[in-house]
Amino acid sequence: MAPSGSRSIKRGCQRVLYWIPVLFIALIVAWSYYAYVLQLCIESIEETGEKVVYLLVYHVIFIMFVWAYWQTIFTKPMNPLEEFHLSCSDKELLEREDRGESQQEILRRIAKDLPIYTRTNSGAIRFCDRCQLLKPDRCHHCSVCDKCILKMDHHCPWVNNCVGFSNYKFFMLFLAYSLLYCLFITATDLRYFIKFWTAGGRAHFRLKEYLNGLPDTQAKFHILFLFFSASMFSVSLASLFIYHCWLVCKNRSTLEAVRAPVFRHGTDKNGFSLGFSKNFRQVFGDEIKYWPIPIFSSLGDGCSFPSCLVNLDPEQPSSPSGSTPANKGAAEGHQFPSKPLRESQSRLLTSTPSWTESDIATDMRTDIKGASNPGMTIENEA
């Protein structure tokens, strides 16, 4: 009982500590609201028209930013469907067998009717011992959440949540609106920052003025610090946002960018890439009106993804796209995927060409020659 109680206390303390980064961001945002709205717009800006325009635009961006951040934090990551979990009889059968080829045979039999195409580096079926399930494609076990997360990108401490299939769109919008928020503050605060900075320089920040509590002293501090903090956050957010835009265009997660997924034919970093338009729509959906709004509109169920066995990256050498009628039947015999996808994913493959085994082998050799070995550490999987 004692060890169990101590573990519960430890987990409770960890949960509290995990919320500290979120609390820090919340305090920064609350202060920035006070500094911009009260100290800059209401106290420092004298022109009514400029004041009204700044406040209107600021509040629109602020609402969208907070909305996206809220959705990223409180949208629960999706876990694999029940069909990927082992039944009681399969669990017992797996426990009775020695670890090795016999267990892999059992897993291969279970995975035969599931839309699973990726493998481990050794070519084995991806299985999670902790969750007792076959991992769907792009699913990984998060050591912080202690769960398997569908299309896991990474565990973000700033939102105290796993970024995955269910909230990746929200995370992208959070980055976009937070960057826009910081850039807007930086641009509109610049003139007053220069004004107060030069005025402070001429006065050499005389101690007497601070002790006397001049009317502009408090506003000056907030405006100066607001500019510095907004500009610094803009730089870090811009780099992170650009990186994730690149990932969306390539249809990769952060984990897949570090370690390419392994298919039956081998490693393929562009295995899930269907071209820019379809890659973008997988995350943001088909309807343009929902793209800028933090409402879930991603395509699919997170368990199955359309894929091509060859490298369709426009930056890489293209494979032959045409096939003669004589080769057509052979190509269709090796078309991928062979198992049925969910309806929402199948339509993304309408224009995906078929490829022969020789094309696949040629492209695989090209990928192997150009592959690099990243030294970055990846989230541990159970």
Side-chain angles (χ1 to χ4, degrees), residues 7-38 58-79 140-186 222 225-245 247-248 253-255 283 292-296 298 302 377-380:
R7 279 197 299 269
S8 301
I9 294 172
K10 184 180 178 181
R11 287 173 188 167
C13 293
Q14 285 178 338
R15 291 194 191 100
V16 173
L17 291 174
Y18 289 152
W19 282 104
I20 291 178
V22 178
L23 181 61
F24 173 75
I25 294 294
L27 292 174
I28 290 289
V29 171
W31 167 79
S32 68
Y33 184 89
Y34 165 79
Y36 190 88
V37 173
L38 187 65
Y58 172 83
H59 278 92
V60 170
I61 299 174
F62 179 80
I63 290 170
M64 297 304 292
F65 160 57
V66 173
W67 186 5
Y69 190 45
W70 179 276
Q71 288 283 67
T72 309
I73 295 172
F74 294 105
T75 300
K76 291 184 179 180
M78 286 180 63
N79 309 119
H140 297 273
H141 187 90
C142 176
S143 58
V144 179
C145 300
D146 198 23
K147 293 178 182 177
C148 281
I149 309 299
L150 293 181
K151 196 188 175 184
M152 178 178 170
D153 188 89
H154 68 289
H155 186 93
C156 181
W158 299 107
V159 299
N160 190 27
N161 200 1
C162 252
V163 177
F165 175 76
S166 62
N167 62 352
Y168 189 66
K169 177 193 173 183
F170 304 147
F171 179 73
M172 287 296 297
L173 291 178
F174 159 61
L175 291 180
Y177 286 124
S178 57
L179 176 60
L180 185 61
Y181 180 75
C182 292
L183 289 175
F184 178 77
I185 289 177
T186 303
H222 286 289
F225 192 69
L226 185 65
F227 179 84
F228 278 123
S229 56
S231 57
M232 285 189 296
F233 274 112
S234 297
V235 174
S236 57
L237 285 169
S239 59
L240 187 60
F241 179 64
I242 291 170
Y243 175 67
H244 277 277
C245 285
L247 291 178
V248 170
S253 65
T254 300
L255 294 176
V283 177
I293 305 174
I295 295 174
F296 183 81
S298 302
T377 304
I378 303 177
E379 181 74 38
N380 292 329

Review item, side-chain donor-acceptor pairs of residues 15-24, under 3.5 Å, at least two apart:
none

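Screening T72, I295, L173 for a side-chain contact (heavy atoms from CB on, under 4.5 Å) with W67, the sole residue that qualifies is I295.
In this structure, the side chains of D146 and H141 come closer than 4.5 Å at one or more pairs of heavy atoms. By the 4.5 Å heavy-atom criterion applied to side chains, C156 and N161 are not counted as neighbours. Using a 4.5 Å heavy-atom threshold, the side chains of H244 and T254 count as touching. Side-chain atoms of C182 and L237, non-hydrogen and from C-beta on, do get closer than 4.5 Å to each other. With contacts defined as side-chain heavy-atom distances shorter than 4.5 Å, the pair M152/C142 qualifies. Side chains of F233 and I185 form no contact here, defined as non-hydrogen atoms less than 4.5 Å apart.
The closest donor-acceptor contact from the side chain of K169 to the backbone of I293 lies under 3.5 Å. With hydrogens and angles ignored, the 3.5 Å screen pairs a side-chain donor or acceptor of N79 with a backbone N or O of C148. A distance-only check finds no donor-acceptor pair linking the side chain of Y181 to the backbone of A230 [under 3.5 Å]. Looking only at distances, a side-chain donor or acceptor of Q71 sits under 3.5 Å from a matching main-chain atom of P294.
Taken from OG in S32 to CZ in F62, the straight-line distance is 6.5 Å, to the nearest 0.5 Å. With rounding to the nearest 0.5 Å, the separation of CD1 in I149 from OG in S253 is 13.0 Å. Distance check, rounded to the nearest 0.5 Å: SG of C162 to NE2 of H140 gives 11.0 Å. Atom CG of L38 sits about 13.0 Å away from atom OH of Y36, to the nearest 0.5 Å. Rounding to the nearest 0.5 Å gives a distance of 4.0 Å between CE of M172 and SG of C245. Going from atom CG of L175 over to atom CG of L240 covers 5.0 Å, rounded to the nearest 0.5 Å.
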Could you walk me through whether H59 and Y33 satisfy the ring pair (Phe, Tyr, Trp, His ring centres under 6.0 Å) test, starting with their C-alpha distance in whole Å, then the side-chain angles of each, then the deciding distance to 0.1 Å, before giving a yes or no? CA-CA 9 Å; H59 278 92; Y33 184 89; 5.4 Å; yes
After noting the C-alpha distance and the side-chain angles of Y177 and V66, does the key distance pass the side-chain contact (heavy atoms from CB on, under 4.5 Å) rule? CA-CA 9 Å; Y177 286 124; V66 173; over 6 Å; no
Evaluate V248 against Y168 for side-chain contact (heavy atoms from CB on, under 4.5 Å), listing each step before the verdict. CA-CA 10 Å; V248 170; Y168 189 66; 3.7 Å; yes
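In F225, the CZ atom is not crowded: 12 or fewer heavy atoms of neighbouring residues, nucleotides or ligands sit closer than 6.0 Å.
A ring-centre distance under 6.0 Å is not found for F65 and Y58. For Y69 and F170, the distance between ring centers is not under 6.0 angstrom.
Across all their heavy atoms, V163 and N167 have their closest contact at CA-OD1, 3.4 Å.
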